[in-house]
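Report on the structure given below.
All values reported here derive from a predicted model rather than from experimental measurement.
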Amino acid sequence: GQIAQAVARADAIGHPFSSAYACGAAMWSGFFLSEAADAERWARRVVDVARARGFVYFDVAGQVVAGWAQARRGAEGALAALEATIGRWRAGGSTIGMHSFLVVLADAWLHAGWPDRAERTLADGLILQRGANERFLEAEIRRLRGEAAASAGRSDDAQELLLQAWEVAEAQHNRLALLRIATSMARLAPVPPGAAARLSHVHAGFAEGHDLAVLRDARAALQSISPT
């Protein structure tokens, strides 16, 4: 695909930072598409290049995403290791990437069935501070808060947070975020009015990539509320 082509092009020019950057983009694509195996594979490449050339941030970012992928598949100790990696980066006074790393950690906590820890992570002052200026993760942060509220049994709060996330993603023309948010809405209990139509409309806008996890999840959610 285009991601592999971009990495191959970066490798072909023999410029290590370009290779690390391209593999990093592939790694983050895997995260946002919920493709844990792909994310981990690219994260390993990022770490290898970064350690060979001393790209410290890329090294840590690769460890974070690889740790998320391991936690996703239930590897023993993965969540503790992920939290420790982020903690060491922060303890050194570094803030670059922390906004994203905390979002990764919150997602991992949610997937592991710890909504309270996810909410605590998402309430971190650094997310609030960086989020005011770096809004590209705002919709995802609100979606995760909505998911955490739903997992904690606060359906009204969850619906409100997901609607806020939808408004942000819609204003940003972020179709992937809209798909993820609509999928989260369809999983609420009770299901909000119009959730099926919303998810169906967003899903229909994707003409390719139907084997991706985010699109499979969307179809499963849609089937669960519109079985006919």
* How many angstroms lie between CZ in Arg117 and CG in Leu79, if you round to the nearest 0.5 Å? -> 8.5 Å
* Cluster question for you: counting only ILVMFWY and a side-chain heavy-atom cut-off of under 4.5 Å, with indirect links fine, are Val46 and Phe31 together? -> yes
* **Lys NZ or Arg CZ of Arg175 over Phe206 ring: under 6.0 Å, within 45°** => yes
* To do: Apply side-chain contact (heavy atoms from CB on, under 4.5 Å) to Met27 and Val47, showing your working.
  => CA-CA 11 Å; Met27 170 187 80; Val47 170; over 6 Å; no
* Structure fact -> Which of Leu222, Leu179, Ile181 passes side-chain contact (heavy atoms from CB on, under 4.5 Å) with Val202? It is Leu179
* If we only count heavy atoms from C-beta on, is the Glu147 to Leu161 side-chain gap below 4.5 Å? -> no
* Picking from Ile225, Leu163, Val191, what satisfies side-chain contact (heavy atoms from CB on, under 4.5 Å) with Met185? -> Leu163
* **Heavy-atom side-chain contact between Val49 and Phe58 under 4.5 Å** => no
* To do: Check the pair His99 / Ile141 against side-chain contact (heavy atoms from CB on, under 4.5 Å), numbers first and verdict last.
  => CA-CA 10 Å; His99 189 210; Ile141 290 168; 3.5 Å; yes
* Anything under 30° is parallel, anything over 60° is perpendicular, the rest tilted; go ahead and classify His15 against Phe17. => perpendicular
* Distance from Leu110 atom CG to Leu122 atom CG, nearest 0.5 Å? -> 7.0 Å
* Asked: Should Asp48 and Arg45 count as an ion pair when the cut-off is N to O under 4.0 Å?
  -> no
* Can you list the steps and then say if Gln164 with Arg145 is a side-chain contact (heavy atoms from CB on, under 4.5 Å)? -> CA-CA 10 Å; Gln164 291 173 5; Arg145 285 177 176 152; over 6 Å; no
* Kindly compute the distance separating CZ (Arg44) from SG (Cys23), expressed to the nearest 0.5 Å. => 13.5 Å
* Asked: Heavy-atom distance under 4.5 Å between the side chains of Leu162 and Arg142, does that happen here?
  -> no
* Asked: Taking side chain as C-beta onward, heavy atoms only, is Phe136 less than 4.5 Å from Ser100?
  -> yes
* Under 3.5 Å donor-acceptor, Ser224 side chain and Ala221 backbone -> yes
* Asked: Centre of Trp166's six-membered ring, under 6.0 Å away, within 45 degrees of the axis: is that where NZ or CZ of Arg198 sits?
  -> yes
* Structure fact -> Taking every heavy atom of Ile86 against every heavy atom of Phe101, the minimum-distance pair comes out as CD1-O, 3.4 Å
* Asked: Between Leu82 and Gly67, which heavy-atom pair has the shortest distance, and what is it?
  -> CD2-C, 4.4 Å
* To do: Compare every heavy atom of Ala6 with every heavy atom of Ala22, then report the nearest pair and how far apart it is.
  => CB-O, 4.1 Å
* To do: Nearest 0.5 Å please: distance from the CD1 atom of Ile3 over to the CH2 atom of Trp42.
  => 8.0 Å
* To do: Tell me, please, which residues at least two apart from Glu167 pass side-chain contact (heavy atoms from CB on, under 4.5 Å).
  => none
* Rounded to the nearest 0.5 Å, what separation is found between the CG atom of Leu33 and the CZ atom of Arg180? -> 8.0 Å
* Verify the neighbour count for atom CH2 of Trp28: are there more than 12 heavy atoms of other residues, nucleotides or ligands below 6.0 Å? => yes
* Give a yes or no on whether Arg53 atom CZ has more than 12 heavy-atom contacts from other residues, nucleotides or ligands under 6.0 Å away. => no
* Structure fact -> In terms of heavy-atom contacts, Leu215 and Glu208 come closest through CD1-O, 3.7 Å
* To do: Evaluate the side-chain proximity of Val103 to Trp68: yes if any heavy-atom separation is below 4.5 Å, no if none is.
  => no
* Asked: Do Leu144 and Val168 share a hydrophobic cluster, counting only Ile, Leu, Val, Met, Phe, Trp and Tyr and linking them when any side-chain heavy atoms are less than 4.5 Å apart?
  -> no
* Distance in Å, Glu83 CD paired with Thr85 OG1, rounded so as to fall on 0.5 Å steps -> 10.0 Å
* Pair Arg154 + Glu119: basic N to acidic O under 4.0 Å -> yes
* If every non-hydrogen atom of Ala196 is compared with every non-hydrogen atom of Ser226, which pair is closest and at what distance? -> CB-OG, 3.4 Å
* Asked: Under 4.0 Å between a Lys/Arg side-chain N and an Asp/Glu carboxylate O for Arg72 and Asp107?
  -> yes
* Are there more than 12 heavy atoms of other residues, nucleotides or ligands under 6.0 Å from atom NE2 of His210? -> yes
* To do: For Ala213 and Ser34, work out which heavy atoms get closest and say how close.
  => CB-O, 3.5 Å
* Crowding at CZ, Phe32 (>12 non-hydrogen neighbours, <6.0 Å) -> yes
* Quick one: are Leu126 and Arg90 in side-chain contact, heavy atoms under 4.5 Å? -> yes
* Look only at the side chain of Ser18 and the backbone of Gly14, and say whether a donor-acceptor pair between them is shorter than 3.5 Å. => no
* To do: List the steps, then state whether side-chain contact (heavy atoms from CB on, under 4.5 Å) holds for Asp116 with Trp109.
  => CA-CA 8 Å; Asp116 56 331; Trp109 282 128; over 6 Å; no
* Would a 4.5 Å heavy-atom cut-off, applied to side chains only, mark Phe55 and Pro16 as touching? -> yes
* **Within-4.5 Å side-chain heavy-atom neighbours: Leu199 and Thr183** => yes
